[in-house]
Protein chains: 2
Amino acid sequence: MTKAIPERGRGRRLPTAEELRIWRDFVETTEALKSRLASRLQIESSLSPGDYVVLLALSEAQDNQMRSSELATHIGWERSRLSHHLGRMERRGLIRRQECATVPRGAEVLLTPTGAEAFRRSTVPHLRAIRELFVDAFTPEQLLAAGETAAALRAHLDTHQEE
Amino acid sequence: MTKAIPERGRGRRLPTAEELRIWRDFVETTEALKSRLASRLQIESSLSPGDYVVLLALSEAQDNQMRSSELATHIGWERSRLSHHLGRMERRGLIRRQECATVPRGAEVLLTPTGAEAFRRSTVPHLRAIRELFVDAFTPEQLLAAGETAAALRAHLDTHQEE
DNA sequence: TGGGCATAATTGACACGTCAACCAGGTTGG
DNA sequence: CCAACCTGGTTGACGTGTCAATTATGCCCA
């Protein structure tokens with residue numbers, strides 16, 4: 001059945017002009033959204049999106065601290081990326097790293113008072129920006145549709161892992 | 001009418017948990033999509049997404065060349081970003097820059113045979129990847145919905161320029 | 001006992017982006 | 001005339017991300 005068109009089946013088909021237009025619109029727009037939010041966060045709180053996710057995770061963690069690789073899996077980052085980022089955050093006094101008592105060679109990442117305060121001050125403006133730039137872009141139905149778009153995409157990407 | 005709830009009108013409302021969930025899903029997924037496509041392009045053609053858009057623009061340009069700042073506005077990049085990127089592409093022999101005859105202080109960017117060939121070899125695999133990773137994630141209706149999501153978002157971002 | 005292995009994390013090299021500063025060459029107005 | 005500005009473009013500094021290599025530590029087992 002799927003072989004009805006022998007040499008040009010689904011596996012070889014290229015996107016139509018319309019599909020490509022949607023694709024371009026989609027990437028460009030999400031790109032713009034990301035950068036607008038990043039710049040708001042930077043201006044209002046002197047934090048990058050990366051800083052924010054790290055601070056958020058630590059704020060919600062037991063004792064405001066977490067093992068480095070747990071943190072990495074929790075926020076879905078590669079260890080090396082996290083390591084670089086923690087280095088920069090440590091320089092700015094937002095977090096601290098110390099030897100982990102229980103795990104050999106483990107590093108405990110912990111929120112400093114400075115970091116906790118920076119996060120606390122950033123949340124409301126950041127959430128407001130998310131509402132203004134993202135949520136308010138849609139009607140309630142459109143927002144649900146956006147959620148379903150994301151869900152479909154995610155499911156597809158998850159099942160089609162790189163071989 | 002919009003003042004029905006005096007002190008907590010639209011201007012102050014924060015996203016609900018559900019809105020936030022959708023938001024996070026949306027950014028994370030688009031992020032993953034972008035990186036998956038970039039890595040396919042890299043593996044299959046040794047090009048970055050940036051390379052691709054530059055090469056695409058030049059391929060479609062008159063005589064395979066374009067003034068630097070025209071190119072920048074055409075693909076929607078800042079001049080400085082383009083300048084840096086062209087430097088890297090020039091090092092790899094994909095493009096060349098030369099003085100512009102007509103415009104004082106103008107730089108003409110032109111496709112080299114190497115660049116043209118690299119682009120030619122990259123298109124089909126790249127389009128295929130777009131179909132596999134993006135288009136095939138959706139039913140036709142979902143794809144349209146994704147297009148409308150992008151359109152609504154873009155319209156919103158355009159009208160709400162940074163003040 | 002002493003290789004090999006696995007795990008946890010860091011490091012270095014390099015691509016990419018942004019921001020601000022800078023460098024030409026006009027044009028323009030006091 | 002020349003200073004003030006505008007345009008086109010580059011540069012440097014720095015934050016960010018990926019990949020591959022490296023370091024440190026414990027474990028397993030021949």
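Given the structure is predicted, the values throughout are model-derived calculations rather than measurements. Order of the sequence lines fixes the chain letters, A, B, ..., with proteins taken first and strands second; residue numbering starts at 1 for each chain.
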Enquirer: Among Val109(B), Leu110(B), Leu86(B), whose side chain to side chain contact (heavy atoms under 4.5 Å, CB included) with Arg96(B) holds?
Expert: Leu110(B)
Enquirer: For Arg92(B), what residues pass the salt bridge (charged side-chain N to carboxylate O under 4.0 Å, His left out) criterion, not counting sequence neighbours?
Expert: Asp51(B)
Enquirer: Among all residues two or more places apart in sequence or in another chain, which pass the salt bridge (charged side-chain N to carboxylate O under 4.0 Å, His left out) test with Arg120(A)?
Expert: Glu117(A)
Enquirer: Of the nucleotides dG8(D), dT11(D), dA9(C), which has the atom closest to the Ser83(B) side chain?
Expert: dT11(D)
Enquirer: OP1 or OP2 of dT18(C) versus the side-chain N and O atoms of Arg79(B): is any pair under 4.0 Å?
Expert: no
Enquirer: Tell me every residue that passes ring pair (Phe, Tyr, Trp, His ring centres under 6.0 Å) with Phe119(B), counting only those two or more places apart in sequence or in another chain.
Expert: Tyr52(B)
Enquirer: In this structure, how many angstroms lie between the P atom of dT18(D) and the CZ atom of Arg36(B), rounded?
Expert: 14 Å
Enquirer: What is the distance, rounded to the nearest whole Å, between atom NZ of Lys34(A) and atom P of dC16(C)?
Expert: 14 Å
Enquirer: In whole angstrom, what separates Glu31(B)'s CD from dC16(C)'s C1'?
Expert: 14 Å
Enquirer: Between Met89(B) (CE) and dT10(D) (P), how many Å, whole number?
Expert: 14 Å
Enquirer: Look at Arg97(B) and dG9(D) and indicate whether a side-chain polar atom (N or O) is within less than 4.0 Å of OP1 or OP2.
Expert: no
Enquirer: Scan nucleotides 12-17 of chain D nucleotide by nucleotide, 5' to 3', and note B when protein non-hydrogen atoms come under 4.0 Å of the base, S if they reach only the sugar-phosphate, - if neither.
Expert: BB-SBS
Enquirer: Whole Å only: how far is the CD atom of Glu78(B) from the P atom of dT7(D)?
Expert: 16 Å
Enquirer: Can you measure Leu94(B) atom CG to dC16(C) atom P for me and round it to whole angstrom units?
Expert: 10 Å
Enquirer: What are the two closest non-hydrogen atoms of Leu157(B) and Thr29(A), and how far apart are they?
Expert: CD1-O, 4.1 Å
Enquirer: Nearest-Å distance, CD (Glu70(A)) to C1' (dT7(C))?
Expert: 14 Å
Enquirer: Which residues pass the salt bridge (charged side-chain N to carboxylate O under 4.0 Å, His left out) test with Arg21(A), not counting sequence neighbours?
Expert: Glu18(A)
Enquirer: Quick one: ring pair (Phe, Tyr, Trp, His ring centres under 6.0 Å) partners of His156(A), sequence neighbours excluded?
Expert: His160(A)
Enquirer: From CE of Met66(B) over to C1' of dG9(D), roughly how many Å is that when rounded to an integer?
Expert: 17 Å
